[in-house]
Novice: 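There's a structure below that I have some questions on.
A, B, ... follow the sequence lines: proteins, then strands. Residue 1 opens every chain.
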Amino acid sequence: MQYKIPRGTFDILPPDSRRWQAVIRIWHETAQQFGYEEITTPIFEQADLFERSSGESSDIVQKEMYRFTDKKGRCFALRPEGTAPVVRSYTENNLDRQSRITRLYYVGPMFRYDRPQAGRYRQFYQYGAECIGSHHPFYDAEIIALQTAFLNRLGLRNISLEINSVGCPACSKDYDRALTAFFEPHREELCEDCRSRLTSKPRRLLDCKVPSCRAIAAAAPSMLDYLDDACKEHFALVQGYLREMEIAFTVNPRIVRGLDYYTHTAFEFLNPALGAQNAIGGGGRYDGLIMQIGGRDIPAVGIAGGFERLLLSLEIENIPLQTAPVPDAYLVLACPQAKSLGIRLLAQWRKQGLALAYDPEKDSFKAQLKAADSLKARYAVIIGEDEIASGTVSVKNLGTGEQQSVPAEAVPQLLRSKEEKKYLF
RNA sequence: GUGGGUGUAGUUCAAUUGGCAGAGCACCGGAUUGUGGUUCCGGGCGUUGUGGGUUCGAGUCCCAUCUCCCACCCCA
């Protein structure tokens, strides 16, 4: 074993690849049902696109980005998240001129240089959707509904939705000041991390796991009390829409999203069964981002989620996704003279859409039937001396054992009709 | 980036105080020449993650390194 896969990456092999296909297919279907169209962007972009959008002080930029320079010294980064590239493409291609509301969704790999852990990888796969062009709270609720529909359709049940509002930049700033003022007198009692957070990101103090910090934070002021009237109303309307859509949620004023560009609504979908890495998706509104990266002042709201944790959740809850593909029939060629005819028929029947299995290295009759059985083929199509002599082939139902001879031309129709019959019961 | 655990056949796991590296499952073949599943029989020299060291002798002890796992951190 000479080469090894890079740390924090993984191959998706059968039978897992089937599960991935199924989940991705359901994502495409759900997003399209909600009026979203697919966008695919490159997996690398100018590094400063992410630096500018995520925020210089974010962990993504500070330590998790895969950066590199190309032969001409230009600085690129493997994308650590999906929103910035979509927004870049939106502005670059003037999509705002084409329609007032633009709904886009994507699927693809993201890259973050993190220490790998269960449910956390260096190359991981995300789905996401962005609704660009309106500040209306309906769209916040709608995109949450999209993500809810997706998770429900997969069969996940033990998922909770927590929402919060981080307000507009103005009330957000007020709140940070209030937090700093609140924690400052306790500086000496805080853990080391929290002391540095106090100056850089006071909000992070709220979800520190050190018990002593938690005790202090318990009495900290709530973001919700610092929302101005407009922000308060927006948040109330989002909640109203969610209730009308019958989407269960709890308000958690401590939700902090990792990236700087979020405004107003922020939310997370959590699966408590997952352990430390329990966020399976989330999103929020980012009204300032498009202007920030050089576009017009256009509001937007988006979601994203990771497939790894989705699949982990499905496994924990024992939800089957897709059964293994089985061949319609296994071709048994019983004598050397049958081989040429058999291979011609194999090709012909495949053109007609049948899933056929055949192994040229198995000569004995018994071995071929055994193989048919282990592949769970529904039928064996047998061609040997007898069949050649009579100008027919034998079709054996491997479930019931019944067997009949028919002309070769009848096989596709026969297998198809028998299969249809099967679905009638 | 920090701390703790882990690694033996394709896979799941054994191997006593350091003493010949094994089993289940899976896989392949066979059990009178054209009929599968059950059953029975046969089939394993694997750089014990990698590289060093101690020892007459290392899967086992020591050091380094890598991987994965758990937690911190962060998030998907």
Novice: Please give the distance between the P atoms of B:G24 and B:C40 as a whole number of Å.
Specialist: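 One P to the other, the span is 12 Å.
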
Novice: Find the distance A:Y127:OH to B:C75:C1' and express it as a whole number of Å.
Specialist: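 Going from OH in A:Y127 over to C1' in B:C75 covers 13 Å.
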
Novice: Among B:C73, B:G36, B:G34, which nucleotide sits nearest the side chain of A:R197?
Specialist: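 Per side-chain heavy atoms of A:R197, the pick is B:C73.
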
Novice: Could you tell me the separation between the CD atom of A:Q117 and the P atom of B:C73, rounded to a whole number of Å?
Specialist: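 A:Q117 atom CD is separated from B:C73 atom P by 10 Å.
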
Novice: Give me the ring orientation class for A:F307 and A:F150: parallel if the planes are under 30° apart, tilted from 30 to 60°, perpendicular past 60°.
Specialist: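 Rings of A:F307 and A:F150: perpendicular, as their planes differ by over 60°.
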
Novice: Using the P atom as the point on both nucleotides, what is the distance between B:C69 and B:G30, in whole Å?
Specialist: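 Taking atom P in both B:G30 and B:C69, they lie 41 Å apart.
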
Novice: Look at the side-chain N and O atoms of A:R120 and state whether any lies under 4.0 Å from the OP1 or OP2 oxygen of B:C75.
Specialist: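 So the side-chain polar atoms of A:R120 never come under 4.0 Å of the phosphate oxygens OP1 or OP2 of B:C75.
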
Novice: Rounded off to whole Å, could you give me the NZ-to-C1' distance for the A:K63 and B:C72 pair?
Specialist: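 Rounded to whole Å, this separation is 10 Å.
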
Novice: Salt bridge or not between A:K173 and A:D176? Use side-chain N to carboxylate O under 4.0 Å.
Specialist: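 Between A:D176 and A:K173 there is no salt bridge, as every charged N stays at least 4.0 Å from the carboxylate O atoms.
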
Novice: Would you call A:D48 and A:R67 a salt bridge, using N to O less than 4.0 angstrom?
Specialist: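 Answer for the salt bridge query: no.
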
Novice: Out of B:G34, B:A76, B:C69, which has the shortest distance to the side chain of A:E387?
Specialist: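 Shortest atom-to-atom distance from the side chain points to B:G34.
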
Novice: Can you pull every protein N or O that's under 3.5 Å from an N or O on nucleotides 29-31 of chain B?
Specialist:
| unit_1 | atom_1 | unit_2 | atom_2 | d |
| --- | --- | --- | --- | --- |
| B:G29 | OP1 | A:K362 | NZ | 3.4 |

Novice: Assign A:L398 to base, sugar-phosphate, or nothing according to its heavy-atom contacts below 4.0 angstrom with the strands shown.
Specialist: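 Result for A:L398 = base.
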
Novice: I want to check one thing: is the phosphate of B:C68, taken as OP1 and OP2, less than 4.0 Å away from some side-chain N or O of A:R122?
Specialist: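 Looking at the OP1 and OP2 atoms of B:C68, neither is under 4.0 Å from any side-chain N or O of A:R122.
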
Novice: Return the nearest nucleotide to the side chain of A:R204; candidates are B:G36, B:C74, B:C69.
Specialist: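 From the listed options, B:C74 comes nearest.
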
Novice: Would you mind classifying the nucleic acid contact of A:F307 as base, sugar-phosphate or nothing, using non-hydrogen atoms under 4.0 angstrom?
Specialist: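 Here A:F307 touches no strand at all.
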
Novice: Which is it for A:I163 and A:L242 under the side-chain contact (heavy atoms from CB on, under 4.5 Å) test, yes or no, and what are the steps along the way?
Specialist: CA-CA 11 Å; A:I163 69 172; A:L242 288 176; 4.0 Å; yes

Novice: Tell me the interatomic distance from A:L161, atom CG, to B:A76, atom P, rounded to whole angstroms.
Specialist: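 Checked: the CG to P distance equals 15 Å.
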
Novice: Is A:Q403 side chain donor-acceptor paired with the B:U35 base, going by distance under 3.5 Å alone?
Specialist: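 Check passes, donor-acceptor contact within cut-off.
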
Novice: Taking CD in A:E184 as the centre, count heavy atoms belonging to other residues, nucleotides or ligands within less than 6.0 Å. Is the count above 12?
Specialist: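 Yes, CD of A:E184 has more than 12 neighbouring heavy atoms, counting only those of other groups under 6.0 Å.
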
Novice: Look at A:Q368 and B:G36 and indicate whether a side-chain polar atom (N or O) is within less than 4.0 Å of OP1 or OP2.
Specialist: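 No.
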
Novice: Which whole number of Å gives the distance between the P atom of B:G46 and that of B:A9?
Specialist: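 Comparing P positions in B:G46 and B:A9 gives a spacing of 12 Å.
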
Novice: Mind calculating the distance between CD (A:E308) and P (B:C75) to the nearest angstrom?
Specialist: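 Going from A:E308 (CD) to B:C75 (P), I get 17 Å.
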
Novice: Taking B:U47 as the reference, what is the distance to B:A64 when you measure between their P atoms (whole Å, please)?
Specialist: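 Approximately 26 Å lies between the P atom of B:A64 and that of B:U47.
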
Novice: For B:C74, does OP1 or OP2 lie under 4.0 Å from any side-chain N or O of A:R115?
Specialist: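 Negative; the distance criterion is not met.
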
Novice: Can you tell me which stems RNA chain B forms, taking runs of 3 or more consecutive Watson-Crick or G-U pairs with both distances under 3.5 Å?
Specialist: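 Output for stems: B:1-5 with B:68-72, B:10-13 with B:22-25, B:27-31 with B:39-43, B:49-53 with B:61-65.
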
Novice: Can you check the A:L331 CG to B:U35 P distance for me, whole Å?
Specialist: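 My rounded result for the distance is 18 Å.
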
Novice: Tell me: CD1 of A:I383 to P of B:U35, nearest whole Å?
Specialist: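 These atoms are roughly 17 Å apart.
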
Novice: In whole angstrom, give me the gap between the P atoms of B:U12 and B:G19.
Specialist: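 Between the two P atoms, the distance is 26 Å.
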
Novice: Just call it for A:G282: base, sugar-phosphate, or nothing, with non-hydrogen atoms closer than 4.0 Å on any strand.
Specialist: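 Touches nothing.
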
Novice: Roughly how far apart, to the nearest Å, are B:C74 and B:C70 at atom C1'?
Specialist: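 Rounded to whole Å, the distance is 16 Å.
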
Novice: Looking only at side-chain atoms of A:N278, point me to the closest of B:C75, B:C68, B:G1.
Specialist: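 Selected nucleotide: B:C75.
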
Novice: If the P atom of B:U6 is compared with that of B:C13, how far apart are they to the nearest Å?
Specialist: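 Comparing P positions in B:U6 and B:C13 gives a spacing of 14 Å.
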
Novice: Between A:L274 (CG) and B:C69 (P), how many Å, whole number?
Specialist: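 Spelled out: CG on A:L274 to P on B:C69 is 14 Å.
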
Novice: Mark yes or no for whether A:E387, through its side chain, and A:G384, through its backbone, hold a donor-acceptor pair below 3.5 Å.
Specialist: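 Between the backbone of A:G384 and the side chain of A:E387 there is a qualifying donor-acceptor contact (under 3.5 Å).
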
Novice: Does the side chain of A:Y105 pick up a donor-acceptor pair with the side chain of A:Q32 at under 3.5 Å?
Specialist: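 Side chains of A:Y105 and A:Q32: pair found under 3.5 Å.
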
Novice: Among B:G36, B:U67, B:A76, find the nucleotide with the atom closest to the side chain of A:R112.
Specialist: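 That would be B:A76.
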
